[in-house]
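Residue numbers run from 1 in the order of the sequence given.
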Amino acid sequence: MCAVENGMDVVRLARGRFAIEGIIGLAPRDKTDAISGLTDVGPYCRETGLRHITVETYNLSKESDKRALLDAEIDVLLVVGWQRLIPEWLIEHCAVAAIGVHGSAGGITGGRGRSPQNWALMLGCPSFEVSTFFVDPGVDSGDVLDSRQFDLAPDDDIRMSHLKVSAATVDMIEAGLASGAISERRGTPQPTEGIRYMPQRRPEDGAIDWRLSARDLVNFVRALTRPYPGAACGSLRVWRARALLGDFPGSHGTVLAHLAGGELVVRAGEAAVLLDDWEAPKVPAIGSALPCADAAEQMRGIIARHTEKHPELPISEDVLRYAHRLGADRL
């Protein structure tokens with residue numbers, strides 16, 4: 001079951017390692033920031049001869065979607081790149097199990113919920129732990145099948161994080177099939193206390209605050225780069241940034257230089273950043289001041305939205321520490 005590009009990485013990496021009968025995917029539609037990395041699985045299914053089941057609704061609320069899935073004989077449903085809860089009727093329809101994938105810098109219990117890989121990069125976490133689990137009606141709460149941990153290098157972006165998770169997922173599924181753990185539904189129950197959740201991020205939360213330190217700004221950009229909408233600054237969209245050494249004059253957000261390769265040098269918190277992959281209708285003039293968002297205000301909004309919608313789901317300690325460092329807990 002797959003709606004976005006990183007889920008298809010699992011499918012492609014699994015070829016020759018275990019059999020996949022078919023793919024459930026969303027019907028083709030215009031790509032928008034509402035579903036980052038949206039993909040049409042149809043061409044791949046036609047290319048490889050896999051069965052293709054199309055559904056219209058992401059939350060499977062349409063009666064025709066329910067009928068299409070209940071008409072299919074499903075032994076094991078592997079949910080990868082499907083960022084919505086799976087309804088109980090579909091879980092119960094699987095002859096063996098529905099298996100999900102989730103993780104965070106704090107493991108499956110330390111960062112349930114939304115955007116954990118983006119948060120891990122944004123917060124500069126050095127590692128990530130991903131788990132496969134037997135899906136239940138809760139939020140990433142089913143018995144754990146297997147877990148893997150990997151390092152996050154300083155230059156890893158969200159695409160590389162996705163690939164590392166995909167590779168680990170294939171390893172865990174292959175091992176679970178070989179050992180019989182999947183067919184016998186052998187999993188480890190998760191603890192019921194100390195659970196933390198990652199708050200949802202929206203495209204508008206990607207506005208750049210040039211007052212961030214160069215390192216924080218680089219982390220911000222690498223967490224939001226393709227296939228996400230990118231870090232934005234007015235009409236300027238930044239896909240990759242790197243910190244520069246040296247004492248650079250100018251106020252935060254000032255364009256300091258245009259380099260021969262098309263890169264921009266912009267003044268950030270305590271230094272400058274090199275923007276070496278960016279898009280804009282026109283090149284910002286040297287000496288111009290780019291729009292500057294308020295990172296603390298962004299975090300206040302993110303936390304407030306989560307708290308209002310999910311007051312019973314405590315936010316990750318890592319996210320709260322980051323918010324405190326930005327001053328988001330001070331009015």
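Side-chain N or O atoms of Asp156 include none that pairs as donor or acceptor with a backbone N or O of Ser161 at under 3.5 Å. Judged by distance alone, with hydrogens and angles left aside, the side-chain atoms of Thr225 form no donor-acceptor pair with the main-chain N or O of Val221 at under 3.5 Å. For Ser104 (side chain) and Gly111 (main-chain N/O), a donor-acceptor pair under 3.5 Å exists by modelled atom type. Of the possible polar contacts, none joining the Arg211 side chain to the Ala268 backbone as a donor-acceptor pair under 3.5 Å is found.
One finds the CE atom of Met160 at 11.0 Å from the CG atom of Leu121 (value rounded to the nearest 0.5 Å). Here the CG-OG1 distance, from Leu78 to Thr169, works out to 7.5 Å after rounding to the nearest 0.5 Å. In this structure, Arg84 CZ and Met1 CE are separated by 11.5 Å, a value rounded to the nearest 0.5 Å. The distance from the CG atom of Leu163 to the CD1 atom of Ile158 is 10.0 Å, given to the nearest 0.5 Å. Separating the CG atom in Leu217 from the NE2 atom in His252 is a distance of 10.5 Å, to the nearest 0.5 Å. If you take SG on Cys2 and CD1 on Ile23, they are separated by 6.5 Å, rounding to the nearest 0.5 Å.
Inspection of the Asp65 and Thr57 side chains reveals an N or O donor paired with an N or O acceptor under 3.5 Å. Residues Ser61 and Asn59 have side chains that bring a donor and an acceptor to within less than 3.5 angstrom of each other. Side chains of Ser251 and Thr254: a donor-acceptor N/O pair is present below 3.5 angstrom, by distance only. Side-chain contact of Gln190 with Thr109: a donor-acceptor pair under 3.5 Å is absent, judged by distance alone. Between the side chains of Asp136 and Ser141, at least one donor-acceptor pair of N or O atoms lies under 3.5 Å.
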Would you check, one step at a time, whether the test salt bridge (charged side-chain N to carboxylate O under 4.0 Å, His left out) holds for Asp143 with Arg185? CA-CA 9 Å; Asp143 291 357; Arg185 289 188 57 91; over 6 Å; no
Could you walk me through whether Val55 and Ile24 pass side-chain contact (heavy atoms from CB on, under 4.5 Å), step by step? CA-CA 7 Å; Val55 294; Ile24 300 164; 4.2 Å; yes
Run the numbers on Glu279 and Arg237 for salt bridge (charged side-chain N to carboxylate O under 4.0 Å, His left out), then give the verdict. CA-CA 5 Å; Glu279 295 175 5; Arg237 198 167 295 263; 5.6 Å; no
Let me see the working for Arg240 and Asp157 under side-chain contact (heavy atoms from CB on, under 4.5 Å), right down to the final yes or no. CA-CA 9 Å; Arg240 187 170 61 180; Asp157 61 12; over 6 Å; no
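For CD of Glu21, the number of neighbouring non-hydrogen atoms (other residues, nucleotides, ligands) closer than 6.0 Å is 12 at most. Annotation for Arg15: atom CZ does not count as buried by contact number, only 12 or fewer foreign heavy atoms lying within 6.0 Å. For CG of Asp71, the number of neighbouring non-hydrogen atoms (other residues, nucleotides, ligands) closer than 6.0 Å is greater than 12. The environment of Glu63 atom CD is dense: over 12 non-hydrogen atoms of other residues, nucleotides or ligands sit within 6.0 angstrom.
Between Asp205 and Arg202, no side-chain nitrogen of the basic residue sits less than 4.0 Å from a carboxylate oxygen of the acidic one, so the salt-bridge criterion is not met. Under a 4.0 Å N-O distance rule, the pair Arg196/Glu317 qualifies as a salt bridge. Ion pairing between Arg325 and Asp216 holds under the 4.0 Å rule for side-chain N and carboxylate O.
At least one side-chain heavy atom of Asp9 sits under 4.5 Å from a side-chain heavy atom of Arg159. Annotation: side chain of Leu313 is in contact with side chain of His306 (closest heavy-atom distance under 4.5 Å). Between Asn6 and Val165 the shortest side-chain heavy-atom distance does not fall below 4.5 Å. Counting only heavy atoms from C-beta outward, the side chains of Phe220 and Asn118 never approach each other to under 4.5 Å. At least one side-chain heavy atom of Val319 sits under 4.5 Å from a side-chain heavy atom of Met299. Residues Arg222 and Asp155 have side chains not in contact (no heavy-atom distance under 4.5 Å, counting atoms from C-beta outward). Counting heavy atoms from C-beta on, the side chains of Leu38 and Arg29 come closer than 4.5 Å. Taking 4.5 Å as the limit, some side-chain heavy atom of Met8 sits within range of a side-chain heavy atom of Val41.
Under a hydrophobic-cluster definition in which Ile, Leu, Val, Met, Phe, Trp and Tyr are linked whenever side-chain heavy atoms come within less than 4.5 Å, directly or via other members, Trp278 and Val265 are assigned to different clusters. A continuous path of Ile, Leu, Val, Met, Phe, Trp and Tyr side chains, each step under 4.5 Å between heavy atoms, connects Tyr58 with Leu69, placing both in one hydrophobic cluster. Hydrophobic clustering (side-chain heavy atoms under 4.5 Å, transitive across Ile, Leu, Val, Met, Phe, Trp, Tyr) keeps Leu236 apart from Leu259. Under a hydrophobic clustering in which Ile, Leu, Val, Met, Phe, Trp and Tyr are joined whenever their side-chain heavy atoms come within less than 4.5 Å, directly or via other members, Leu177 and Leu13 fall into the same cluster.
The heavy-atom pair separating Leu50 from Gly22 by the smallest distance is CB-CA, 4.2 Å. Closest approach of Pro284 to His258, counting heavy atoms only: O-NE2, 2.7 Å. The minimum heavy-atom distance between Gly124 and Asn219, with the atom names listed, is CA-ND2, 3.7 Å. Closest of all the heavy-atom pairs between Val101 and Phe133 is N-CE2, 3.6 Å.
A cation-pi geometry, defined here as NZ or CZ lying under 6.0 Å from the six-membered ring centre and within 45° of its normal, holds between Arg226 and Trp239. Note that Arg201 lies in the cation-pi zone of Trp119, set by a 6.0 Å cut-off to the ring centre and a 45° limit from the axis.
Under the side chain to side chain contact (heavy atoms under 4.5 Å, CB included) rule, Tyr197 has a single partner from Arg112, Glu312, His310, Arg114, which is Arg112.
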